[in-house]
2 protein chains.
Amino acid sequence: MAGTGRASGGVEAAPASQQGMRRQNLAVVMGAVAAHGPLSRADVAGQTGLTRPAVSSLVDELIARRALTEAETAPSGRVGRPGRALALNDRGPAGLGLEIGVAHLAACVVDLRGAPRVWRRVEQANAGRPAGQVLAEAAALGAEAESEAAVLGLWVAGRVMAVPGVVPDGPGGLVANAPNLGWQTVRPADHWPDPDAVPEPENEANLGALAEQRQQGRPAETFVHVSAEAGIGAALVLGGRLFRGARGFAGELGHLPVHPEGPPCPCGARGCLEQYAGEAAVLREAGLAGAGDPVALLTRRARAGDAATLRALDRAGRALGLALASAVNLIDPDALVLGGAYAELADWLLPPVRAELAARVTVRPWPPEAVRPSALGRRGPVLGAAWSTVHRIISDPAQLPAF
Amino acid sequence: MAGTGRASGGVEAAPASQQGMRRQNLAVVMGAVAAHGPLSRADVAGQTGLTRPAVSSLVDELIARRALTEAETAPSGRVGRPGRALALNDRGPAGLGLEIGVAHLAACVVDLRGAPRVWRRVEQANAGRPAGQVLAEAAALGAEAESEAAVLGLWVAGRVMAVPGVVPDGPGGLVANAPNLGWQTVRPADHWPDPDAVPEPENEANLGALAEQRQQGRPAETFVHVSAEAGIGAALVLGGRLFRGARGFAGELGHLPVHPEGPPCPCGARGCLEQYAGEAAVLREAGLAGAGDPVALLTRRARAGDAATLRALDRAGRALGLALASAVNLIDPDALVLGGAYAELADWLLPPVRAELAARVTVRPWPPEAVRPSALGRRGPVLGAAWSTVHRIISDPAQLPAF
DNA sequence: GGGTATTTGTAATGGCAAAAAACAAATTAG
DNA sequence: CTAATTTGTTTTTTGCCATTACAAATACCC
């Protein structure tokens, strides 16, 4: 995965060297500045446990690598020589996020502080079109965003692309399957015009979850991020790290058996959650035909008080709550986040979801507020894609080129 | 948790020091010897990437700490000076495992190589008795085992106790709730006669999972270990590490909603797995009264071909398969292990479990052999308790006293 | 059987990074 | 203006691994 490192696991640890020590301490300093705002060298020493001379040396290197900058000395108000504030460089390395959606392309660039500085979004239907064509357009959008970022003094140090599909582990950068786009084993590198700017693909639900984690001030360490586009997927963040499963298939929430003898699902089973809370099922139950943006349509009808729509949403919410009850009993997260289309329908989905959870999560305390809509909505995946590069740099600044 | 370290997570990493480097490299050497049998210093250097002089120095220290021993020089057959074989010391530090079951006490001591050297087991009913009394008897059993181990040249470097209940995180060593024993917020330290020999409590299902992981030659990195005693619990091993959830409640498989409108459960919900695959439910469905060992009774009846018993077990297996289908779709493990009582009933449970999984896990390949009975059966938890100390020593030998 | 090549383990040396100690610089308190 | 305090750097020390060199123990070859 991009940014947080794929699960390593195993007993076979690498030996520690002096370079490794240096590398880790660079990351420690970087992390302290990232987490606790502008700090002086002495503050960093106090926070991390490193000595002041060590911090000085590390900071020198981080400044040389354009990761940190020295701000002007702030009037501290306390006695003694004032420290010189260190902050993450907002005119240095940056992360590019791309997104290929069913109905849009998006790009954004964020600086090291995490602030989005460049936005691009194009509404266009991508389903069924040749992958090479779509990727070329995404590349053009990304190049535009990069050149606009260059004007702001930013240079892109990493590129990650959100796609609505399965992205297996491994260095290949392969999209194994993206049914809503009609993609099968597509390798972006094969179609990208600039071979030095090929982005690493990643599942959009995973990136949305990373974005959500960052968005929270004190992020939930362990949570489940549910995201509905055409299918229903969940991303698991466990102990602060994205968990992808043994084969990269974790989070297939849409095929949890909700009513064992329920309606058949194209997957071959019966009573899967998608048959109750999937986009097609909700539209069918509400008696609507899917013209235009189905989420907007549902929102309009629900707000107007249409009985069939409200009934369909309630049914979807109860089924979702049932599936999430299984997730909570298994995983014991401290939060559930509804993202994607569910975030926009939260007004109608949350009550039945919370009711089911209250009834079915009984062996541990479960406050209803633990399930909440995503704060980022549709921008989550792009932001997560861009942020994941920033996260990678902050957790290992040694990979930046020295000047 | 005992042995593998509780989830640390978070961005706040500790700074690396030279002592830390040394510490890690001691563990690297130790891990290489533990994983790949007897090795010479040169072999270790080749395997780990450390240089021979570094390995020499590290090995000296490990020998001084009684973690490694030098065996006699083996006739290698190759040209050149033969290396001196290093092996884990089987006359040095050891791990004590204790177990408090509903109907027994158990203790065992394993040496650094993982071999059990001392066994103790007492069949006795512990449910409902005063915790202090039971703990005193367990302490006596443990002391016996320790003194027998001393005769073999082993000294106990850590003590872990398996209990059928909830053990929250934190240093306290607290058993929050063990319904089958009738314990509520019991702190072993308060009742232990020898304050220097207080064991750290840990949930028995978790320890059983650790034991299972070690038992496998090439251990499954990510698997779910289902264990049925009176309740149904699951331990999750994700990426090689035990996962306990945000609050320590992960793996409450028994209360996954299997049939949403099913029979009411004491937990307050309806249709929980325990109402189909729990001990009480199976006995009721089979028309049996719980006299004596209920698992032995069920096995006997099933072997005799009793129709009601077979029907009850089939029903339990299908419900279990349904719940496990949810687990597989969510977690994407590469194996499911049936432990505890389920291991002994595997002949009758496996077919329906596998059938349900085959029908309901469709979005990823799922070979039926991926679900298998535990190889250790009832000894899993004690062994896991003892092994967890060994694991702790191997992954950080610096904590051993120097001589 | 003796010499040579090969491999192992140790000893001496060097380099690197952080810790410790000492010091210069910049501010506030009086 | 002086003393106290805090910051950041310079210098020295310490600890550990890498490199190099070397002694020891075996197999191979003649």
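Chain letters run A, B, ... following the sequence lines, proteins first, then strands; residues in each count from 1. Only this structure's heavy atoms are used, side chains among them; waters, hydrogens and symmetry mates stay out. Bear in mind that the values here come from a model prediction, so they are computed numbers and not experimental data.
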Inset, instruction - Would you confirm whether Asn206(B), through its side chain, and Ala235(B), through its main-chain N or O, come within 3.5 Å as a donor-acceptor pair? - result: no
Legend entry - Atom of Val33(B), atom of Leu88(B) and distance for their closest heavy-atom approach: CG1-N, 4.0 Å
Legend entry - Thr222(A) side chain vs Gly239(A) backbone, donor-acceptor pair below 3.5 Å: yes
Legend entry - Interatomic distance where CZ belongs to Arg84(A) and C1' belongs to dA24(C) [whole Å]: 13 Å
Inset, instruction - Identify whether any heavy atom of Ser17(A) sits under 4.0 Å from a base atom; if not, whether one sits that close to sugar-phosphate; answer base, sugar-phosphate or nothing. - result: nothing
Inset, instruction - Look at all strands and tell whether Arg52(A) reaches a base, only sugar-phosphate, or nothing, counting heavy atoms closer than 4.0 Å. - result: base
Legend entry - DNA chain C: 5'-proximal contact among Pro53(A) and Met21(A) (nearest heavy atom): Met21(A)
Inset, instruction - Look at all strands and tell whether Thr51(B) reaches a base, only sugar-phosphate, or nothing, counting heavy atoms closer than 4.0 Å. - result: base
Inset, instruction - Classify the nucleic acid contact of Ser40(B) as base, sugar-phosphate or nothing, counting any heavy atom under 4.0 Å across all strands shown. - result: sugar-phosphate
Inset, instruction - State which residues pass salt bridge (Lys or Arg N to Asp or Glu O under 4.0 Å) with Asp396(A); sequence neighbours excluded, sorted by chain then number. - result: Arg23(A)
Inset, instruction - Return no unless some side-chain N or O of Arg22(A) is found under 4.0 Å from OP1 or OP2 of dC16(C). - result: no
Inset, instruction - Write down the distance between CG (Asn25(A)) and C1' (dA17(C)), rounded to a whole number of angstrom. - result: 9 Å
Inset, instruction - To the nearest Å, give me how far apart CD (Gln18(A)) and C1' (dG14(C)) are. - result: 11 Å
Legend entry - Side-chain donor or acceptor of Asn89(A) paired with backbone N/O of Arg66(A) under 3.5 Å: yes
Inset, instruction - Step by step, work out the side chain to side chain contact (heavy atoms under 4.5 Å, CB included) result for Leu58(B) and Arg22(B). - result: CA-CA 8 Å; Leu58(B) 292 162; Arg22(B) 180 80 176 175; 3.6 Å; yes
Inset, instruction - Assign each of Arg81(A) and Asp60(B) to its nearest nucleotide of DNA chain C by heavy atoms, then name whichever residue's nucleotide is nearer the 5' end. - result: Asp60(B)
Legend entry - Along DNA chain D, first and last positions that approach a heavy atom of chain A under 4.0 Å: dT5(D) to dC16(D)
